[in-house]
Amino acid sequence: MLTTTNIKAIIESFIEEYNDLPSEDYPHLRHIHSKDEEERHFILTCIGWNKRRFTYYTVFHFELREDGIIIVHENRTDNTLDEWFEARGITSDTLQAAWSLEMKEETLGIKIFD
């Protein structure tokens, strides 16, 4: 069984891996990784200028509950998360989506939060 410390490290690793991906299409955008003091919320924000327009949005927002469940508040990518996390020991029933109860599991690639 993974400890909370292990899960936090896995979430951090995911965000760092995504953050390190090059973006040739948007060279003036950058990512900011932040977390709260209790290290329960992990957020990756995109910020910068793209074609003379200011861009600012949350790419990922993960919440780690005390029971070890990871609530996915935001995933603004085409990436499904379950395979990446399962390869690191976090089962798909540990990932739960918070943003839409009506979206199908196969679309999200993770279990729907209920």
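Just the heavy atoms: all of them, side chains too, but no hydrogens, waters or symmetry mates, feed the values below. Bear in mind that the values here come from a model prediction, so they are computed numbers and not experimental data.
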Rounded to the nearest 0.5 Å, the NE2 atom of His61 sits from the CG atom of Leu44 at a distance of 12.0 Å
Stepwise, does the side-chain contact (heavy atoms from CB on, under 4.5 Å) test hold for Val59 with Thr45?
CA-CA 5 Å; Val59 181; Thr45 305; over 6 Å; no
If you measure only the distance, is there a donor-acceptor pair under 3.5 Å linking the side chains of Glu86 and Thr91?
no
List the atom pairs, donor and acceptor, that lie under 3.5 Å between side-chain atoms in residues 32-40 and the rest of the protein, sequence neighbours left out.
residue, atom, partner, partner atom, Å
His33, NE2, Glu12, OE1, 3.3
Lys35, NZ, Glu12, OE2, 2.9
Lys35, NZ, Glu39, OE2, 3.2
Asp36, OD1, Glu39, N, 3.0
Asp36, OD1, Arg40, N, 2.7
Asp36, OD1, His41, N, 3.1
Arg40, NH1, Leu64, O, 3.4
Arg40, NH1, Arg65, O, 3.4

Are Leu81 and Ile43 connected, step by step, through hydrophobic side chains (Ile, Leu, Val, Met, Phe, Trp, Tyr) whose heavy atoms are closer than 4.5 Å?
no
Going through the checks in order, is the side-chain contact (heavy atoms from CB on, under 4.5 Å) test met by Tyr57 and Ile47?
CA-CA 7 Å; Tyr57 63 91; Ile47 188 169; over 6 Å; no
If we only count heavy atoms from C-beta on, is the Asn75 to Thr80 side-chain gap below 4.5 Å?
no
To the closest 0.5 Å, what do you measure between CD1 (Ile11) and CG (Asn6)?
11.0 Å
Drop me the distance from Ile7's CD1 to Phe85's CZ, to the nearest 0.5 angstrom.
10.0 Å
Could I get the full list of side chain to side chain contact (heavy atoms under 4.5 Å, CB included) partners for Thr5, not counting sequence neighbours?
Thr3
Taking all heavy atoms of Leu29 and all of Gly48, pick out the closest pair and write down the distance.
CD2-C, 3.5 Å
Distance check, rounded to the nearest 0.5 Å: Ile69 atom CD1 versus Asp93 atom CG?
6.5 Å
Atom pair CZ/CZ of Phe14 and Phe42 - distance to nearest 0.5 Å:
13.0 Å
Hey, could you give me the CD/CD distance between Glu63 and Glu74, rounded to the nearest 0.5 Å?
13.5 Å
Distance under 6.0 Å and angle within 45° of the ring axis: does Arg88 meet both against Trp84?
yes
Report the C-alpha separation of Leu2 and Thr94 in whole Å, then their side-chain angles, then the decisive distance to 0.1 Å, and conclude whether the side-chain contact (heavy atoms from CB on, under 4.5 Å) test is met.
CA-CA 11 Å; Leu2 293 172; Thr94 302; over 6 Å; no
Got a sec: does the CD of Glu66 have more than 12 other heavy atoms crowding it under 6.0 Å?
no
Atom CZ of Phe54 with >12 non-hydrogen neighbours under 6.0 angstrom
yes
Nearest heavy atoms of Asp82 and Ser92, plus distance in Å
CB-CB, 4.3 Å
Got Trp49 and Thr55 here, is their nearest side-chain heavy-atom distance under 4.5 Å?
no
Phe60 and Val72: side-chain contact (heavy atoms from CB on, under 4.5 Å), yes or no, with the steps?
CA-CA 8 Å; Phe60 295 109; Val72 182; 5.9 Å; no
